[in-house]
Amino acid sequence: MQDIILEMKDIEKTFPGVKALDRVNFTLRSGQIHALLGENGAGKSTLIKVLTGVHRMDAGTILFEGKSIRPTSPMDAQRQGISTVYQEVNLCPNLTVAENIFIGRQPMRRGQIDWKTINRRAHELMLRMGMDIDVTLPLATYPIAIQQMASIARAVDINARILILDEPTSSLDENEVRNLFSVMRELKNQGMGIIFITHFLDQVYAVSDQLTVLRNGRLVGEYTAQEIGKLELVTAMIGKDINEIYNLQKAQPGEDAKAVLDAQNIGIPGKVENISLQVKEGELVGFAGLLGSGRTETAEMLFGVTHAAQGSISMHGEVLALKTPLDAIRKKMAFCPEDRKRDGIIADLSVRENIALAVQATRGFLHPLPQKEQQELADKYIQLLSIATPDADKKVGELSGGNQQKVILARWMATNPDLMILDEPTRGIDVGAKAEIQRLMLEMCHEGRSVIFISSEIDEIIRCSNRIIVMRDLAKAAEMDGSACTQADILAIIANEGTKEEAV
Amino acid sequence: MKKTLISGAFVRSKLFWAIVAELLILLVGFILRPDFLSIQLRTLSDGTTVLFGTPVDIFNRASEITIIAMGMTLVIALGGTDISVGALVAVSGAIALKFLRWDVLVYTTPGDYTVQPYYLVILLPLLTCTLMGLFNGVLIGKLKLQPIIATLILMVGGRGIAQIVTNGKQFTTQYTPFKFIGNGSFLGLPLPILITLVVVLTVVLFVRRTSFGMFVESVGINPNASRVSGLRSDTIIIIVYVLTGLLSGISGLIYSSRISSNDSNNAGLGYEMDAILAVVIGGTSMTGGKFSLLGTVVGSLIIRTITTLVLYFGVVSEAIMAFKALIIAVVIVLQSEPVRNAIAKRRSKRIALGGEARA
């Protein structure tokens, strides 16, 4: 058995009104990848923030290599050997990769920054991660995956004994994830202890040795990856049986259901071209495909976020001229964007204001929704979507990811749309919230509304869709019946192994 | 839970510390010269009664900045800045005086008259400044120029326009209705104070009774998400800059009325910085988002109180700016987040201890 490098005992942390951590224990050994799991709000981030000195614990002890420590800031934790790589890349995009890796601790030579050494060592570090790139180019020239590697390289080079990876994979594609994993294994073999936080259970099993599950600020248990099955794990995380949650009923639009949306050959030259699709009343159409395959671009055209230079879009038979999202909203469309932080939430506004925003936008600012109606609207959706917030006046930015997503859903449901477009609504949120959002989509269909559902997770597309459109290389690759296709069919198309017709 | 007179959240807010700072500065003035805070009711030669005293004077002389800062608060809440306001003050005064004395070659001596109709003397400067605000708004809202660059155009150009309007000359007037704006009084209060009250109330009602304030905050916090949610950010931006232009025009009328003259070089000089400072001291962040109009009023009063204090105690005029900067530095440090939190923490500890002792 390897040595214990980190032992957190009886950690307690209370925020006003919430016990965020209640006597939580956590042990990390060197040469171990330890997954920290739990739903949003289970206390994972709080535990990490206590460890990295963002928060001070109220009670408990942290033993790091046998010594009791109490980090006072992330810098302090880093100096002691605890490095963290966050979900969002926290580097400077306009500096070079090498500068980013060495910023704040540039090697000096005769009173001047030793650029040669910086660039050489940065290149070596990136090579160790399996990335042979030019480190003298600005960070922003590289995709997110490489940027993430650079932040890991930086973290690792600061003599870290413990590396914390907080949702590192949520913006990576499959290949990049595989690459990250091999780097993680490499670091593990060098004796580093890695704490891995993720929502993707498959990834947990692919790379972790040990799992610790938290729920509602309490420790549920610690398991080895071999001893606990996926179902059991999910049950431990949410405290309920998973089948109970996933008991979903697909919508069944009638044969003669009218078309709500009809898009003909829409496109923007050089971005996406020649996309045609129809969505019927009460139908859920799934969009499958890789990141960057044109799914989001199509959705943005339909909603007027970008202007479709070619083709026509009509709702209920009426051809639309969409200049701004407001035009689309007025025609009873709604759109939950992929990047929740950038295009979704207004972080500093309250839950109430965030929910009322789109309704208010259609009314114009001169016709404000009375305070009372605003409150009723907020209360209604907080209850309907079981949004976990103490009250409607809480800032949205202070809620967990899943609850933020529900607030955005509420914003659009409040506009009473005929067609709801959801772009990756379940990314980065926990299993429980995921199932709830899927159920909500299907409920909307049962009410006769139509839904376009974009997701990278093929199983959830199959679970919910009546029809599936597969995107590849910025074009529509296939359209299939949602009840008669399998994951393998879709994967084959995505991987360009011939469409269904060709295969027959 | 033990109730305290002031809630913890309020103690942590910048507004609270702005008020504390204002009271402290007043207290310093009072300790040095007890008559600093005295207010009297005096009867003027024409039979009207007016409030007199340094505090009234502070409110009165803060008017120009307070009025502009109402617009500046919204500008900053959108994440922008408007550095043209001072120049617009000069434009406003120049046009007003131009119309009062047009044609100056005929009406060579200033006196109690206006050559052009009085309503034009008031409306044309306001209209011009509103249009200049529209110019700023279109550059920023439609052409997406950076606010500081866009408003730099009129900051530089505005004073030039003011010079052209008056042929580079300084006119004076003795026209009573015009002088009344800056020097008159009504119901015992100097007129600028009343104008300011009306402006502040109107802006507050406009912003908080409609959804405009929420839209401004939303665009200031997250322009992308606001657009996707159906907000027309360009329209909102234009309205805010137009409003700021109009308010600068009002401020310009008050200023030129006070000195019964136009002064294209010095009217409104440095107002943009004072207005921005008032907004920031009032608790609105330069990064945009949530704003506090009430805080801005307090911020503006602080700036004026400092100036008055310095003038009152006869600091040599060369040292006024340095002195002002010193006090502002103290106020801003007092307001900084670490200091505020530290004080709020000590306070809550004290409350907790006090509570236990009594229990």
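Numbers restart at 1 for each chain; the letters A, B, ... are given by sequence-line order, proteins then strands. Keep in mind the model is a prediction, meaning the values are calculated, not measured.
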**Prompt:** Got a second to check how far A:Glu353's CD is from B:Ile221's CD1, nearest 0.5 Å?
**Reply:** 8.0 Å
**Nearest-0.5 Å distance that lies between atom NE2 in A:His367 and atom OG in B:Ser211** = 10.0 Å
**Item:** A:Leu384 atom CG, over 12 foreign heavy atoms within 6.0 Å
**Value:** yes
**Item:** Salt bridge B:Arg227-A:Glu300, side-chain N to carboxylate O under 4.0 Å
**Value:** no
**Asked** Where is the tightest heavy-atom contact between A:Trp412 and B:Val228, given as atom of each residue plus distance?
**Response** CH2-O, 3.4 Å
**Message:** Looking at B:Lys144, I'd like to know if its NZ atom is crowded, meaning that more than 12 non-hydrogen atoms belonging to other residues, nucleotides or ligands lie closer than 6.0 Å.
**Reply:** yes
**Request:** Output the option from A:Ile329, A:Leu366, A:Leu349 having the highest count of non-hydrogen pairs under 4.5 Å with chain B.
**Result:** A:Leu349
**Request:** Ignoring hydrogens and angles, state whether a donor on the side chain of B:Ser229 or A:Arg411 is under 3.5 Å from an acceptor on the partner side chain.
**Result:** yes
**Message:** Below 4.5 Å, heavy-atom pairs only: which of A:Thr324, A:Thr415, A:Asp348, A:Asp327 has the largest tally toward chain B?
**Reply:** A:Asp348
**Prompt:** How many angstroms lie between OG in A:Ser350 and CD in B:Glu217, if you round to the nearest 0.5 Å?
**Reply:** 9.5 Å
**B:Phe215, part contacting chain A, at a heavy-atom distance under 4.5 Å** = side chain
**Item:** Structural part of B:Ser226 lying under 4.5 Å from a heavy atom of chain A
**Value:** both
**chain B contact via A:Ile345 - which portion, at a heavy-atom distance below 4.5 Å** = backbone
**Fill in**
Checked B:Gly213, B:Pro223, B:Ser218, B:Gly289 vs chain A; the most non-hydrogen pairs under 4.5 Å come from B:Ser218
**Request:** Would you mind checking which part of B:Arg209 comes under 4.5 Å of any heavy atom in chain A, side chain (CB onward), backbone (N, CA, C, O), both or neither?
**Result:** backbone
**Prompt:** If only atom types and distance count, is the side chain of B:Asn222 paired as donor or acceptor with the main-chain N or O of A:Arg342 below 3.5 Å?
**Reply:** yes
**Message:** Around atom NZ of A:Lys13, are there more than 12 heavy atoms from other residues, nucleotides or ligands closer than 6.0 Å?
**Reply:** yes
**Asked** Crowded around A:Glu373 CD? As in, over 12 foreign heavy atoms under 6.0 Å?
**Response** yes
**Prompt:** Between CZ of A:Arg363 and OG1 of B:Thr210, what distance do you get to the nearest 0.5 Å?
**Reply:** 12.0 Å
**Message:** Please find the pair of heavy atoms, one from B:Ala225 and one from A:Ile346, that lie closest to each other, and give the distance.
**Reply:** CB-CD1, 3.8 Å
**Message:** Counting C-beta onward and ignoring hydrogens, is there a side-chain heavy-atom pair between A:Leu357 and B:Leu231 closer than 4.5 Å?
**Reply:** yes
**Test item: B:Ile239 and A:Phe365 side chains (from C-beta on) under 4.5 Å apart, heavy atoms** = yes
**Message:** Once rounded to the nearest 0.5 Å, what's the spacing between atom CE of B:Met214 and atom CD of A:Gln374?
**Reply:** 5.5 Å
